[in-house]
Colleague: 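For reference, the structure I am asking about is given below.
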Amino acid sequence: MTQAPGLPAETDFPPSRQAALDRLAGFAPRSGRPYELGRNTDPGPGRPGAVSRLSPYVSRRLITEQEIVTTVLAHHRFETAEKYVQEVLWRTYWKGWLQMRPFVWTRYLETLDDSRSRLVDARALTDAERGATGIAGFDDWALELVRTGYLHNHARMWFASIWIFTLGLPWALGADFFLRHLIDADAASNTLSWRWVAGLQTPGKTYLATTANIERHTEGRFAPGGLARVAVPLTEPPVGAARPLVPLPRPDLRQPFLLLVTPEDLSPESLLPDGAAIQGAVVAADPALSWGEAGRRFTQVAADDAVTRAAGHFGCPVNRMDRLTAADLAAAAQAAGVHHILTAFAPVGPTAQALAQLAPELVRAGITLTPVRRDWDEAFWPGATKGFFAFKGRIPGVLDHLGIS
Ligand SMILES: Cc1cc2nc3c(=O)[nH]c(=O)nc-3n(C[C@H](O)[C@H](O)[C@H](O)COP(=O)(O)OP(=O)(O)OC[C@H]3O[C@@H](n4cnc5c(N)ncnc54)[C@H](O)[C@@H]3O)c2cc1C
């Protein structure tokens, strides 16, 4: 396989929508029982497993959750593919949960700063990150993450558990290590999963990695000794109740506009209905909108892919924007002859932060920036007020409402 320069040497995630569609087409027939039975097994890098490995694509929305679920349900009855559909909906759940509690992200960033400044044993952190702790499996996953930009879900759980409870390292530094190396790095899925392992997300309930479980689900590749035998939950001040989502008025798509495409949603062709008065588009490939080198490189190549697709789909000028600034956006709007910019709603994370920072300057330039939320998020996110158990009970009804069954 030809590898895009800058991506980890052993990654197998070509950064294009076509690669995502091909992967989904290959996986969909296996998304029923084979997924359910095999999804907890991590056979190791380079070996075929039961999971879809679609996360880098869906995290940048080169392919959407709706497309994935629709394709899977074209192959199977809901009951057959229920486990896979639920896993896809974990992502949606985490996104909605964090969107209604954005202060949990801010708290993570503060905890990260705090953990860095208070770190007593810098060597322990370095050893963990470079896979030099001597713990079988853990060291291999640290190296695999850096080499490939990906880890199996079970390996992420074991790794986070050992990081927190065996090595006694601050959870936020582990979450940061993941964000810097995962190609699918995502503010919601990563932060809330680390919190879940640590016992913060479901207060009092932790995830303890055990030798037997690791040995069984790595098919005997690893059987680490000396793991923590108990996982005492971390504590924090209460998170508080969810804030309702801010309702977004539907934009008037007959009014001429420029489309801003960001790394939060690189499928502009399915964002808007046909006939919208689009005059041009810009695709933001700003490195500041991603975390580590691998994620950045993946996003930049995927942004070029989005430029080509958007130009073909909309038949209007589409440009890549290497830095997302109010001045450059205003200039792009002016070149398109519009005062109105639409963009896919950016959930909690670096893109949302960047857009919030530049919005006042756009207003001063007489330009409106209007977010558009996908029907999928609009329908599912409000249900993420409590735990996943309550959320998953609503899945069939919401899919019905969206016309997917
Ligand atoms: C500590 C920790 C950190 C994580 N960090 C991230 C992250 O930064 N970005 C990220 O996308 N996922 C993260 N996950 C969730 C999960 O591990 C990955 O989404 C999954 O391993 C991706 O592989 P896959 O596409 O083969 O998954 P599959 O099993 O094939 O699942 C299909 C899709 O469902 C979604 N999904 C599956 N499981 C989960 C889950 N537990 N939580 C959220 N979404 C899920 C993903 O979008 C995935 O692509 C994390 C999990 C843990 C335990």
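We count ligands from 1, going down the list as the structure has it; atoms in each ligand are counted the same way. Basis for what follows: all heavy atoms, side chains included, without hydrogens, waters or symmetry-related copies.
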Colleague: Nearest to atom 22 (C) of ligand 1, what protein heavy atom do you find, and at what distance?
Modeller: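 Among all protein heavy atoms, the one nearest atom 22 (C) of ligand 1 is S55 OG, 3.2 Å.
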Colleague: Could you identify the single nearest non-hydrogen protein atom to atom 13 (C) of ligand 1 and state the distance to 0.1 Å?
Modeller: R156 NH1, 3.2 Å
Colleague: Quick one: look up the protein heavy atom nearest atom 53 (C) of ligand 1 and list residue, atom name and how far away it is.
Modeller: M157 CG, 3.5 Å
Colleague: What is the closest protein heavy atom to atom 40 (C) of ligand 1, and at what distance does it sit?
Modeller: W90 CB, 3.9 Å
Colleague: Is a side-chain donor-acceptor pair under 3.5 Å present for D22 with Q18?
Modeller: yes
Colleague: Verify salt bridge (Lys or Arg N to Asp or Glu O under 4.0 Å) between R147 and E144, making sure each step is shown before the conclusion.
Modeller: CA-CA 5 Å; R147 276 202 317 258; E144 182 184 340; over 6 Å; no
Colleague: Is the shortest side-chain N to carboxylate O distance from R107 to E236 below 4.0 Å?
Modeller: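 Result for this pair is yes, salt bridge flagged.
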Colleague: Is the closest N or O pair between L54 and ligand 1 shorter than 3.5 Å?
Modeller: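 Yes, L54 has an N/O under 3.5 Å of an N/O on ligand 1.
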Colleague: Number the atoms of ligand 1 from 1 as they appear, then name those within less than 4.0 Å of a heavy atom of F178, with their elements.
Modeller: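 Atoms satisfying the 4.0 Å criterion: 1 (C), 3 (C).
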Colleague: When you measure from the heavy atoms of V197 to every atom of ligand 1, does any distance fall below 4.0 Å?
Modeller: no
Colleague: Crowded around R53 CZ? As in, over 12 foreign heavy atoms under 6.0 Å?
Modeller: yes
Colleague: Could you tell me the residue and atom name of the protein heavy atom closest to atom 23 (O) of ligand 1, and the distance to it rounded to 0.1 Å?
Modeller: Y150 OH, 3.0 Å
Colleague: So if I count the atoms of ligand 1 from 1 in the order they appear, which ones are less than 4.0 Å from some heavy atom of V58?
Modeller: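 Those of ligand 1 that fall under 4.0 Å from V58 are 47 (O), 49 (O).
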Colleague: Under 4.0 Å, heavy-atom basis, I'd like to know which part of F27 is in contact with ligand 1: side chain, backbone, both or neither.
Modeller: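 No part of F27 comes within reach of ligand 1.
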Colleague: Out of all atoms in ligand 1, which are within 4.0 Å of some heavy atom of A185? Include the element for each.
Modeller: 8 (O)
Colleague: Could you say whether the N/O atoms of N190 and ligand 1 ever approach to under 3.5 Å?
Modeller: yes
Colleague: To check your reading of the model: name the closest protein heavy atom to atom 2 (C) of ligand 1, its residue, and the distance in Å.
Modeller: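 Minimum-distance protein heavy atom for atom 2 (C) of ligand 1 reads S193 CB, 3.4 Å.
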Colleague: With no hydrogens and no angle check, just 3.5 Å: does a side-chain donor-acceptor pair link S31 and H75?
Modeller: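 Short answer, no.
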Colleague: Any donor-acceptor pair under 3.5 Å linking the side chain of R243 with the backbone of M100?
Modeller: no
Colleague: Ignoring hydrogens, just give me the one of D186, V51, V88 whose non-hydrogen atom is nearest atom 33 (C) of ligand 1.
Modeller: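 Nearest heavy atom to atom 33 (C) of ligand 1 lies in V88.
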Colleague: Under 4.0 angstrom from ligand 1, any heavy atom of Y93?
Modeller: no
Colleague: Check this for me: does any side-chain nitrogen of one of E82 and K392 sit under 4.0 Å from a carboxylate oxygen of the other?
Modeller: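 No, this pair does not count.
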Colleague: Judged by modelled atom types alone, do S270 and R374 share a side-chain donor-acceptor pair under 3.5 Å?
Modeller: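 Yes, because at least one side-chain N or O of S270 sits under 3.5 Å from a partner of the opposite role on R374.
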Colleague: Quick one: are the ring centres of F380 and Y93 less than 6.0 Å apart?
Modeller: no
Colleague: Is the distance between the ring centroids of F178 and W194 under 6.0 Å?
Modeller: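 So the answer is yes for these two rings.
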Colleague: Any heavy atom of R53 closer to ligand 1 than 4.0 angstrom?
Modeller: yes
Colleague: Give a yes/no verdict on a cation-pi contact between R101 and W97, requiring under 6.0 Å between NZ or CZ and the six-membered ring centre and an angle within 45° of the axis.
Modeller: yes
Colleague: What protein heavy atom is closest to atom 37 (C) of ligand 1, reported as residue, atom name and distance in Å?
Modeller: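 I find the closest protein heavy atom is E87 O, 3.5 Å.
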Colleague: Which residue owns the protein heavy atom closest to atom 9 (N) of ligand 1, what's the atom, and how far is it?
Modeller: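 The protein heavy atom lying closest is D184 O, 2.9 Å.
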Colleague: Are any of the heavy atoms in Y84 under 4.0 Å away from ligand 1?
Modeller: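 Yes, that is the case, since the closest heavy atom of the residue is under 4.0 Å from the ligand.
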Colleague: Of all the atoms in ligand 1, which lie at a distance below 4.0 Å from a heavy atom belonging to Y35?
Modeller: 28 (P), 29 (O), 30 (O), 31 (O)
Colleague: If you measure from each heavy atom of Y57 to ligand 1, is any distance below 4.0 Å?
Modeller: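 It does not; every heavy atom stays at 4.0 Å or beyond.
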Colleague: Whether the D305 and S16 side chains hold a donor-acceptor pair (N or O, under 3.5 Å, no angle test) is what I'd like checked.
Modeller: no
Colleague: Determine, considering heavy atoms only, which of T191, N153, N40 sits nearest to atom 15 (C) of ligand 1.
Modeller: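 Shortest heavy-atom distance from atom 15 (C) of ligand 1: N153.
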Colleague: Is a side-chain donor-acceptor pair under 3.5 Å present for S59 with D186?
Modeller: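 No, because no side-chain N or O of D186 sits under 3.5 Å from a partner of the opposite role on S59.
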Colleague: Where's the contact between W94 and ligand 1, heavy-atom distance under 4.0 Å: side chain, backbone, both or neither?
Modeller: side chain
Colleague: Any nitrogen or oxygen of H152, main chain or side chain, under 3.5 Å from a nitrogen or oxygen of ligand 1?
Modeller: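 No, there is no polar N/O contact under 3.5 Å.
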Colleague: With a heavy-atom distance limit of 4.0 Å, tell me whether S52 approaches ligand 1 through its side chain, its backbone, both, or neither.
Modeller: both
Colleague: Please report whether the ring centroid of F13 lies less than 6.0 Å from that of F298.
Modeller: no
Colleague: Do W381 and T92 get their side chains close enough for a donor-acceptor pair, meaning under 3.5 Å?
Modeller: no
Colleague: Backbone or side chain, does any N or O of S59 fall under 3.5 Å from an N or O of ligand 1?
Modeller: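 S59 vs ligand 1: no N/O contact under 3.5 Å.
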Colleague: Could you measure the distance from the OG atom of S290 to the CG atom of L179? Nearest 0.5 Å is fine.
Modeller: 11.0 Å
Colleague: Could you list the atoms of ligand 1 found under 4.0 angstrom from a heavy atom of W194?
Modeller: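 This gives 1 (C) as the contact atoms.
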